[in-house]
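First up is the structure itself, then whatever we jot down about it.
In what follows, chains carry the letters A, B, and so on, assigned in the order in which the sequence lines appear, proteins first and then strands, with residues in each chain numbered from 1.
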There are 2 protein chains.
Amino acid sequence: MNLKQLAHMLALSQTTVSRALNGYPEVNEETRRRVMDAAKRHGYRPNPSARRLATGKTGMIGYVLPTGASVDIDPHFVEFLSGLGDYARSHELDLVLSPADADDQETTYRRIVANRQVDAVYISSPRPADRRVALVNTLGIPFIVHGRSEGFDFDYPFTDIDNEGAFHEASRLLIQLGHRRLALINGDDRETFAIHRERGVRRALAASALALDERHVCSVVMTEENGYRATRRLLEAGDAPTAIVCSSLIMALGVVRAVRDLGLTIPGDISLIAHDDVFPWLRPENFSVPLSTTRSSIRLAGARVAERLAARISGLEEGARGEVWPVDLVVRGSVAGAPA
Amino acid sequence: MNLKQLAHMLALSQTTVSRALNGYPEVNEETRRRVMDAAKRHGYRPNPSARRLATGKTGMIGYVLPTGASVDIDPHFVEFLSGLGDYARSHELDLVLSPADADDQETTYRRIVANRQVDAVYISSPRPADRRVALVNTLGIPFIVHGRSEGFDFDYPFTDIDNEGAFHEASRLLIQLGHRRLALINGDDRETFAIHRERGVRRALAASALALDERHVCSVVMTEENGYRATRRLLEAGDAPTAIVCSSLIMALGVVRAVRDLGLTIPGDISLIAHDDVFPWLRPENFSVPLSTTRSSIRLAGARVAERLAARISGLEEGARGEVWPVDLVVRGSVAGAPA
DNA sequence: AGAGTCTTCCAAAGCGCTTTGGCTTTTTTG
DNA sequence: CAAAAAAGCCAAAGCGCTTTGGAAGACTCT
């Protein structure tokens with residue numbers, strides 16, 4: 001059942017039927033009702049390929065997925081996707097993942113824009129002066145950055161959490177508890193979120209005339225194993241820290257294991273605070289010692305990004321407004337006063 | 001730059017240019033070369049929307065993503081996606097995720113097929129007599145099932161691992177080590193993989209004239225917390241098992257925590273084997289006691305599914321061939337002889 | 001009543017590609 | 001050498017929708 005048939009059946013022109021269905025004003029309300037009625041009764045659904053060719057609108061949002069044998073997709077992605085998908089569903093949007101060589105995403109961005117394959121895109125895990133952001137900005141496709149970039153001479157729309165504030169608060173708590181030697185086990189420090197977190201820690205220390213020992217900050221891919229290794233290294237060297245701030249719950253698993261392996265305890269010897277993106281399958285309160293966290297649901301962020309993308313597609317949102325969400329500091333058993 | 005312009009510039013008809021580009025035989029090789037040359041030089045890329053309208057081919061594979069506030073996307077998904085994306089990239093395929101109400105995926109399947117939004121789909125986490133499988137089968141769109149369904153009067157193409165065999169082997173090993181009371185902490189037993197795993201355990205026990213105590217088998221969503229709870233319940237009741245087989249590494253984290261909380265040790269008091277889908281961020285050899293596993297890379301499965309989908313789209317693969325991959329049993333420190 | 005203004009609808013021209021059917025020109029064949 | 005076959009190309013008809021530019025009729029106003 002296509003438009004032509006429907007129009008013929010109603011003894012109307014395709015124009016009128018099309019307009020009736022799409023809510024244009026120049027059609028009699030009575031006629032519109034008849035049309036919509038018939039459309040529903042016959043289960044008419046406009047062919048998206050045709051609509052797409054005619055309008056350029058696709059009803060899809062895009063994401064360029066970096067791939068490659070040695071490229072691991074961040075497990076956070078799936079949670080983000082949950083939120084995104086949940087919102088997208090309610091707005092009849094589909095998500096298209098365009099796999100790209102991790103080292104050449106530009107080609108793919110250009111392709112999906114040139115081919116008008118999607119109405120909008122989002123960018124995640126941005127770095128300072130991220131080329132992807134600059135690119136989509138000049139290409140002129142609606143977009144939202146999940147996270148933040150830095151160092152551009154233009155503004156852009158983003159949704160981010162207050163990473164600096166979160167890690168500042170976490171560090172401040174530890175300092176108040178008497179800790180003087182903090183360590184930071186961070187994610188990839190080429191990404192902005194990690195830079196902000198480190199900044200937060202340093203600022204808190206500086207406020208108490210303390211500093212972050214360069215040997216006490218490390219930047220690694222966020223796996224359990226790397227959390228373990230980093231902790232071993234930190235604790236086995238001289239001037240070991242008494243408190244650790246950690247960028248992910250998965251790494252925190254490794255931290256806990258390392259501390260135990262060394263015959264130390266949390267929080268007796270080591271206080272620990274980690275960032276929690278809120279996974280359903282791994283919860284900080286269920287650590288052997290309930291874990292203090294800076295908490296922010298990445299799923300909600302996904303939903304919010306979808307919402308903003310939809311708004312931009314339909315023209316309801318414009319401009320380069322960035323938004324920064326506050327982060328909760330949730331104190332549980334893994335922190336205590338510094339050992340004497 | 002569109003076909004019309006290119007044709008005009010070459011003083012050829014659109015027909016000829018189109019045919020030259022698409023490798024049809026009725027065009028002079030010399031002409032073809034000229035055309036391809038010009039196309040490359042001017043960066044001509046056929047508009048996919050137009051091609052799609054004309055041919056019905058989209059260059060995309062589809063996945064219906066169950067969503068909802070209480071629906072959690074399986075964290076395995078992201079690893080599967082890694083493999084899928086990696087292959088898809090090399091074949092210029094995009095992946096479209098169509099979010100659907102978890103309780104009504106049929107509507108979405110019908111929509112993407114009726115609208116010809118994708119060339120093929122894959123289905124994951126199938127259950128016995130899965131309605132989605134029956135549906136796509138009758139809808140006639142090319143598809144691959146990742147995993148297996150059961151109880152149909154038709155065959156269908158799938159790629160699965162030998163879950164029954166894997167858990168049979170794991171159980172057999174434990175039995176050989178003298179264990180008599182095994183427990184199974186399984187995933188959602190409405191899904192086929194869980195049913196097969198249970199079957200494997202039972203078969204191994206039966207071979208030694210043993211049986212799986214109904215109190216020693218449980219089926220839960222695969223989270224750390226559920227692994228913990230299940231283990232507490234198992235070990236605190238009478239006739240506690242001396243060995244546990246567990247369907248996921250994430251649940252195994254909870255198992256280990258519970259065992260420790262109870263003042264027991266692995267493998268001294270409890271032997272443990274878990275299934276490992278091979279995540280980069282959580283490795284069995286890094287458990288406090290290196291974990292024995294049944295191992296099968298879900299990432300490779302993703303790549304294989306993509307490969308088969310591509311083959312089916314291009315007509316290279318037909319029929320309902322199912323393939324079952326063997327699973328490695330990797331023995332590490334978490335198993336030992338049964339306590340006296 | 002005639003001019004001007006809405007309201008309501010339509011025919012037809014895209015959107016950019018593929019593909020059918022046919023027309024020349026060249027090559028092959030008996 | 002004429003007839004048949006093959007090769008190489010083209011015009012035009014889709015694919016199914018949106019949107020432009022009118023046009024006809026109904027209504028308002030002076």
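- Using cut-offs of 30° and 60° for the angle between ring planes, the His91(A) and Tyr87(A) rings count as parallel.
- Under the ring-ring contact (aromatic ring centres under 6.0 Å, His included) test applied with His146(A), the options Tyr122(A), Phe193(A), Phe80(A) reduce to a single match, Phe80(A).
- Residue Leu53(A) contributes atom CG, which lies 9 Å from atom P of dC17(C) at whole-angstrom precision.
- For the pair Leu10(A) CG and dT8(C) C1', the computed distance is 15 Å after rounding to whole Å.
- Rounded to a whole Å, the NZ atom of Lys4(B) is 16 Å from the P atom of dC10(D).
- Contact annotation: Asn28(A) side-chain N/O to dT8(C) OP1/OP2 distance is under 4.0 Å.
- Residue Asn115(B) contributes atom CG, which lies 17 Å from atom P of dC15(D) at whole-angstrom precision.
- Among the heavy atoms of the strands lying under 4.0 Å from Ala11(B) are primed sugar atoms or P, OP1, OP2 only; no base atom is included.
- Between Leu6(B) and Gln14(B) there is no side-chain heavy-atom pair separated by less than 4.5 Å.
- Axis orientation changes by 40° from one end of the helix from dA1(C)-dT30(D) to dG30(C)-dC1(D) to the other, with each end axis drawn from 5 pairs and the value rounded to 10°.
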Check nucleotides 18-23 of chain D against the protein and report each pair of N or O atoms closer than 3.5 Å, with its distance, or say if there are none.
residue, atom, partner, partner atom, Å
dT18(D), OP1, Asn22(A), ND2, 3.0
dT18(D), OP1, Arg51(A), NE, 3.2
dT18(D), OP1, Arg51(A), NH2, 3.0
dT18(D), OP2, Ser18(A), OG, 2.6
dT19(D), OP2, Tyr24(A), OH, 2.6
dT19(D), O4, Thr15(A), OG1, 3.1

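- Across all strands, Ala20(B) comes closer than 4.0 Å to no nucleic acid atom at all (heavy-atom distances).
- Across dG16(D), dC9(D), dC9(C), the shortest atom-to-atom separation from the side chain of Val27(B) is found for dC9(D).
- Ion pairing between a basic and an acidic side chain is recognised when a charged N comes within 4.0 Å of a carboxylate O; Glu106(B) and Arg110(B) show such pairing.
- Note on Arg89(B) versus Asp94(B): no salt bridge recorded, every NZ/NE/NH1/NH2 to OD/OE distance being 4.0 Å or above.
- Exactly one of Ile112(B), Asn115(B), Leu53(B) qualifies for a side chain to side chain contact (heavy atoms under 4.5 Å, CB included) with Pro48(A). That residue is Asn115(B).
- Looking only at distances, a side-chain donor or acceptor of Ser149(A) sits under 3.5 Å from a matching main-chain atom of Asp130(A).
- Per the geometry, CD belonging to Glu29(B) stands 11 Å off P belonging to dC9(D), to the nearest Å.
- At least one side-chain heavy atom of Phe77(B) sits less than 4.5 Å from a side-chain heavy atom of Tyr63(B).
- Computed from coordinates, the Asn47(A) CG to dG16(D) P distance equals 6 Å when rounded to whole Å.
- The residue Thr31(B) sits close only to the backbone: its heavy atoms come under 4.0 Å of sugar-phosphate atoms, none of a base.
- Here the side chain of Ser297(B) pairs no donor or acceptor atom with the backbone of Val278(B) at under 3.5 angstrom.
- For Met1(A) and dC17(D), the CE to P distance is 10 Å, given to the nearest whole Å.
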